[in-house]
Amino acid sequence: MSFLTLTHLQKSFGPTKVVHDFNMAIDKGEFVSFLGPSGCGKTTVLRMIAGFETPTGGEITINGKDQTSLKPNQRNIGMVFQAYALFPNMNVFDNVAFGLKVAGKPKSEIEARVKEMLKLIHLEHLADRYPYQMSGGQQQRVALARALAPAPQVLLLDEPLSALDAKIRVSLREEIRQIQRQLGITTVFVTHDQEEALSISDRIVVMNGGKADQIGTPAEIYNRPTTRFVANFVGTLNVIEAKVVDPAASTVEVGGKLLGVYGSLAGREKGSTIPLAFRPEAGSLLPGVSDTSALNGTVISSHFLGSVVRTKVDIGGSMISYDTFNDPSAAAPVAGQQVSLALTPESLMVLAD
Amino acid sequence: MKRLWAWGALTIGLLYFFLPLIGMTNFSLKMRRGEYSFDAYVKVLADTRFQDTFTYSVTLALCTILVGVFLVVPTAYWVRLKLPFLRPYIEFVTLLPLVIPAIVVVFGYIRLYNTSSWLPLTGTALGTDILLVAGYTMLALPYMYRAVDTGLRTIDVTTLTEAAQSLGAGWITIIARIILPNVLVAVLSGAFLTFAIVIGEFTMAALLNRPAFGPYMQVLGANRAYEPAALAVIAFAITWGCLGLIQLVSRFQKSAQRPV
Ligand SMILES: Nc1ncnc2c1ncn2[C@@H]1O[C@H](COP(=O)(O)OP(=O)(O)O)[C@@H](O)[C@H]1O
Ligand SMILES: [Mg+2]
């Protein structure tokens, strides 16, 4: 039995439908990310869970209990906002204590709980500071502690790291994940940053135009995207044209070479052209012309990116990217060089449009 | 040349403003023949009518401030949060007291709430006081509303409200613990302006026949020579004190402002 379920969730603002039939079941203690471009409805779904927006249709349950009729302050849900939203008139201690005071907890209990929370975020020494006296990263950690203090059933974070600079963003996301594991709290994390989602989630929901395109583990989403949108949005993608040779045996032809592909070609007509996708890090690039199944091509350019070298290769008129780790002992490919790219069936994805 | 004009204009302006004040202060100190003294002030301050009317007006000013805060803070907050499209209209309504003369309002009150009406407020002293506070609240509305609305602009009302709600807070807690403390400085400057307005108000108090400070000043002015000047200086000092306090609290706010 899932802990947080969203069933046929819909939301319209006037005539504009923003969320179409969103379905999701989240287990207790799970860390789920909503990933998608700006405007795809991530915040709207989150705000419906929190109770700030009323769904036009569908149902939200937490621990089997229907939430739809509950007000935001009756749901016991922790929320962290992009803009921190700490109360400017209160110091760190009072900010974290707010939810406990509202709940009418005894003073000694509040004090102990706030101390515990501040310890969790490593800011015990800043209990007397006011929000304007702290950095963005510190403020967001206090916001996290404030949301967690009343022991909410579910923690919601809406792009909590977007306002921070790159270094803090990485360290804080790891801290958030570690705290989440420690407390075992069911968490929904909204982001438009694919690396962020891939690095911290148990599961990812890739959203597109108000619906969930694909739900899966980070590896599934990255390695086995089911739609072109997901494949494109999560990571870099090469697409080449292939001709179906034998749908039953999952073989296609590219530039006169016969290739096996991952997944089913059922329903594709023999001889039809399909888009075939693979990641830049898939396969291996070898110098010279190949007469095996490796695809022949010409190097267009080579870019040194530090740990990675990205090579652009023209294969039968399609421009593809190929990434390898930097190797100081190997010569970088040069423009005009003849190369061949060997691809395994597992790395070749057939995408539904 | 241009500078000279500017200085000239400033000098004339300052003279225009300060000469009567200086003259009045000078006159108020001349009660004792041939020498300066505070006799007029002593007399005014010792007058029980002064003490009574002043106390009365201060009490009413405090009531007006309370009513104003309870009326304006939740209203301005709610309009910002839920009805932002209504803001221009609300602002227009709060500006009406500036264009409708107090005397018109009082006659309206007397017609509506006279002893033979459905709510005979003018029949009792307490009822009339309530009416007077309502009138004062209205007079102070433009200043109070503007001050509070400006204060609300400096905080992210929507997100702070949602943060508080998700932590379990209801509306009263949100307004009392989050909104009000964050606009306190704005509320205080509105309060000092209200205080200054109420202490000097004449029309409403006189027509409703209440023993307020304004009518007392008028009566004194009509019957005495030196005391009214002393009283005017005292009234000026109170008003300026209020303005000074506004400056002080807004300076305090600036130093506590977040450097975002
Ligand atoms: N209160 C609202 N009124 C009207 N349209 C809204 C409102 N909130 C969001 N929208 C619209 O809904 C769409 C999805 O918004 P949102 O959920 O904030 O997207 P995301 O968080 O994925 O960027 C956007 O096109 C946005 O303009
Ligand atoms: Mg958003």
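Between A/Arg146 and A/Asp94, no side-chain nitrogen of the basic residue sits less than 4.0 Å from a carboxylate oxygen of the acidic one, so the salt-bridge criterion is not met. The residues A/Lys119 and A/Glu116 are annotated as not salt-bridged, no charged nitrogen and carboxylate oxygen being separated by less than 4.0 angstrom. Ion pairing of A/Glu30 with A/Arg203 is present here, as a side-chain N (NZ or NE/NH1/NH2) and a carboxylate O approach within less than 4.0 Å.
Residue contact with chain B, scored on non-hydrogen atoms closer than 4.5 Å, involves the side chain of A/Arg47 exclusively. When heavy atoms are compared at a cutoff of 4.5 Å, A/Pro150 approaches chain B solely by way of its side chain, counted from C-beta outward. For a residue to count as touching a neighbouring chain, one of its non-hydrogen atoms must lie under 4.5 Å from one of that chain's; by this rule A/Ala143 does not touch chain B. Neither the backbone nor the side chain of A/Leu100 comes within contact range of chain B; no heavy atoms are under 4.5 Å apart. In this structure, no portion of A/Lys71 lies under 4.5 Å from any heavy atom of chain B. Contact annotation for B/Thr159: both backbone and side-chain heavy atoms come within less than 4.5 Å of a heavy atom of chain A.
With a 6.0 Å radius and a threshold of 12 heavy atoms from other residues, nucleotides or ligands, B/Leu10 has its CG atom above the threshold.
With B/Ser57 contributing its side chain and B/Ala212 its backbone, the two residues share no donor-acceptor pair below 3.5 Å. Side-chain atoms of A/Lys11 do not come within 3.5 Å of backbone N or O of A/Gly41 as any donor-acceptor pair. Distance alone, capped at 3.5 Å, is enough to place a donor-acceptor pair between the B/Ser189 side chain and the B/Val185 backbone.
Chain B forms more heavy-atom pairs under 4.5 Å with one residue of A/Gly99, A/Ala83, A/Gly136 than with any other, namely A/Gly99.
In summary, of the residues considered (A/Val154, A/Leu157, A/Ile49, A/Leu156), a side-chain contact (heavy atoms from CB on, under 4.5 Å) with A/Met79 occurs for A/Leu156 alone.
Here the straight-line distance linking atom CD1 of A/Ile121 with atom CD of A/Glu175 works out to 8.0 Å at 0.5 Å rounding.
Heavy-atom neighbours of chain A within the stretch residues 62-84 of chain B, taken at a separation under 4.5 angstrom, are nonexistent.
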